[in-house]
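Right, one structure below, let's go through it.
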2 protein chains.
Amino acid sequence: MTTPRTDPVTLEVVELIGTVVARYYAEYEQAAAKHSLTGAQARVLGLLTLEPMPMRHVAQKLRCEPSNITGIVDRLETRGLVERRPDPNDRRVKLAAPTKDGIDTARRLRESLDFAREPLAELSDAERTMLRDLLKRMLGEEAPAVP
Amino acid sequence: MTTPRTDPVTLEVVELIGTVVARYYAEYEQAAAKHSLTGAQARVLGLLTLEPMPMRHVAQKLRCEPSNITGIVDRLETRGLVERRPDPNDRRVKLAAPTKDGIDTARRLRESLDFAREPLAELSDAERTMLRDLLKRMLGEEAPAVP
DNA sequence: TATTGTTATACTCTATAACTATA
DNA sequence: TATAGTTATAGAGTATAACAATA
């Protein structure tokens, strides 16, 4: 267990990350709203677009109670963006899957998320690569140290 | 207006930022819950700790409707963490300000936000400085280019 | 007239607990 | 018995519209 650092640069980075989080989160909600989706609905739809899955798995991915997913999928289903399919292997399970319209909406939403992409254009190729490796190491993924 | 990039590294960084946002946001909610605060309540309290301000300013900072702040400050006030003060210059205005207890709670909450700090300990001083400068430039603040 | 804060309303998200249908 | 999904409930956040007090 590493001791959290309190040197000025670390605190500055923490502050900057807070700013990134606030800005990115707000932009995401706004982008979702432009497609008449709430943030939660957009997250569920985006998740299902990667792969249809049982309702319970959606809840696990989003770290919320399964009962919440019922309502969110209800609303997405009402709008024809998602459908419930039976699981041939277990009749208790319902697989939530995006419809064609849902896949299309998710794609347009993804493409409209310019916040993270646009400011990155300010950086050079080398800088983006460096940022990638630093973030990877911060997140505990494998990445070469940047000496 | 720069054209958003779609090269592999950029997309990878976007993905990583998404991960950082999701993780940081979840940790923040969790840290707030440990102090029996919702995320919104914690954000308002943290904001007021920097400086007491009119209700309307709080709404502007949090990018929500002013009517919402009424309820959030109500709940914080009920718990004795925040108080409403008259503005001597404009009797329409109410200044929301943290109580001593509120300031103390905000400080403890801030100190418990280890997520951003702890993983940074994995990086060297030079790397943290580099990360700081890259984030600064990404956010449009002044920072030296990293060649 | 315009602005500040509040109230009233409706919708969504959230957790908890109880229910059903399967396993 | 245990699990997947649902329903019912209550609390909180959100936007909208209408309102009182003040500017």
Side-chain angles (χ1 to χ4, degrees), chain A residues 22 25-48 52-79 81-97, chain B residues 22 25-48 52-79 81-97:
Chain A
Y25 200 88
E27 297 262 346
Y28 188 86
E29 295 285 318
Q30 195 178 328
K34 276 181 187 155
H35 294 81
S36 302
L37 294 169
T38 65
Q41 288 166 7
R43 281 185 284 277
V44 167
L45 182 58
L47 182 61
L48 296 181
M53 63 182 75
M55 307 284 285
R56 194 152 290 253
H57 288 203
V58 179
Q60 283 161 356
K61 286 279 186 186
L62 266 69
R63 297 180 192 195
C64 71
E65 292 301 313
S67 60
N68 300 327
I69 305 303
T70 298
I72 296 172
V73 168
D74 278 352
R75 288 167 213 116
L76 289 170
E77 198 167 29
T78 299
R79 293 187 41 196
L81 301 176
V82 158
E83 62 184 13
R84 286 168 162 99
R85 298 176 189 159
D87 181 331
N89 300 78
D90 188 336
R91 289 196 299 171
R92 292 173 304 180
V93 173
K94 289 176 189 169
L95 296 172
Chain B
Y25 200 89
E27 297 261 347
Y28 188 86
E29 296 285 320
Q30 197 178 328
K34 276 182 188 155
H35 293 81
S36 302
L37 293 169
T38 65
Q41 287 166 8
R43 280 186 286 277
V44 167
L45 182 58
L47 182 61
L48 296 181
M53 62 181 75
M55 307 283 287
R56 193 150 292 250
H57 285 12
V58 179
Q60 284 161 356
K61 286 281 186 181
L62 266 70
R63 297 183 191 192
C64 72
E65 292 301 313
S67 60
N68 300 328
I69 305 302
T70 297
I72 295 172
V73 168
D74 278 352
R75 288 168 213 115
L76 289 170
E77 198 166 29
T78 299
R79 292 187 41 196
L81 300 175
V82 158
E83 61 183 13
R84 287 167 162 99
R85 298 176 189 160
D87 181 333
N89 299 78
D90 187 337
R91 288 198 298 172
R92 292 174 304 182
V93 173
K94 287 175 190 170
L95 297 172

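A quick note: this is a predicted structure, and the numbers were derived from the prediction, not measured. Lettering follows sequence order; numbering is per chain, from 1.
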Worked check of salt bridge (charged side-chain N to carboxylate O under 4.0 Å, His left out) between R56(A) and E65(A): CA-CA 9 Å; R56(A) 194 152 290 253; E65(A) 292 301 313; over 6 Å; no
Derivation of the side chain to side chain contact (heavy atoms under 4.5 Å, CB included) call for V73(B) and R84(B): CA-CA 8 Å; V73(B) 168; R84(B) 287 167 162 99; 3.6 Å; yes
Salt bridge (charged side-chain N to carboxylate O under 4.0 Å, His left out) assessment of R43(A) paired with E29(A): CA-CA 10 Å; R43(A) 281 185 284 277; E29(A) 295 285 318; 3.6 Å; yes
Check against side chain to side chain contact (heavy atoms under 4.5 Å, CB included), R75(A) and L81(A): CA-CA 9 Å; R75(A) 288 167 213 116; L81(A) 301 176; over 6 Å; no
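The side chain of R92(B) lies closest to dA21(D), out of dT6(D), dA15(D), dA21(D). You'll find that the side chain of E65(B) is closest to dT16(D), out of dT14(D), dA8(D), dT16(D).
Counting to the nearest Å, the C1' atom of dT6(D) and the CD1 atom of I69(A) are 13 Å from each other. Between the CG atom of L62(A) and the P atom of dG5(D) there is a distance of 14 Å, rounded to whole Å. For the pair N68(B) CG and dA15(D) C1', the computed distance is 7 Å after rounding to whole Å. Distance CG (L37(B)) to C1' (dG13(D)): 15 Å, rounded to an integer number of Å. One interatomic measurement links the two molecules: CG of D74(A) to P of dA8(D), which rounds to 12 Å at whole-angstrom precision. Whole-Å rounding puts the Q60(A) CD to dA4(D) C1' distance at 11 Å. Across the protein-nucleic acid pair, D87(B) atom CG and dA21(D) atom C1' stand 15 Å apart, rounded to whole Å. Remark: C1' of dT7(D) and NZ of K94(A) are 11 Å apart, rounded to the nearest angstrom.
Annotation for H35(B): atom NE2 counts as buried by contact number, over 12 foreign heavy atoms lying within 6.0 Å.
Side-chain nitrogen and oxygen atoms of T38(B) include at least one within less than 4.0 Å of the OP1 or OP2 phosphate oxygen of dG13(D). Side-chain N/O atoms of R91(B) include one lying less than 4.0 angstrom from OP1 or OP2 on dA23(D). Residue R84(A) has a polar side-chain atom (N or O) positioned under 4.0 Å from OP1 or OP2 of dT6(D).
With Q41(B) as reference, T38(B) is the one residue of L45(B), T38(B), V44(B) to meet the side-chain contact (heavy atoms from CB on, under 4.5 Å) rule.
Within 4.0 Å of D90(A), counting heavy atoms only, lie sugar-phosphate atoms of the nucleic acid but no base atom.
Taking the nucleotide of DNA chain C with the nearest heavy atom to each of P66(A) and R56(B), the more 5' of the two is matched to R56(B).
With R79(A) contributing its side chain and S36(A) its backbone, the two residues share a donor-acceptor pair below 3.5 Å.
The nucleotide range of DNA chain C contacted by chain A, defined by atoms under 4.0 angstrom from heavy atoms of the protein and reported 5' to 3', is dT12(C) to dA23(C).
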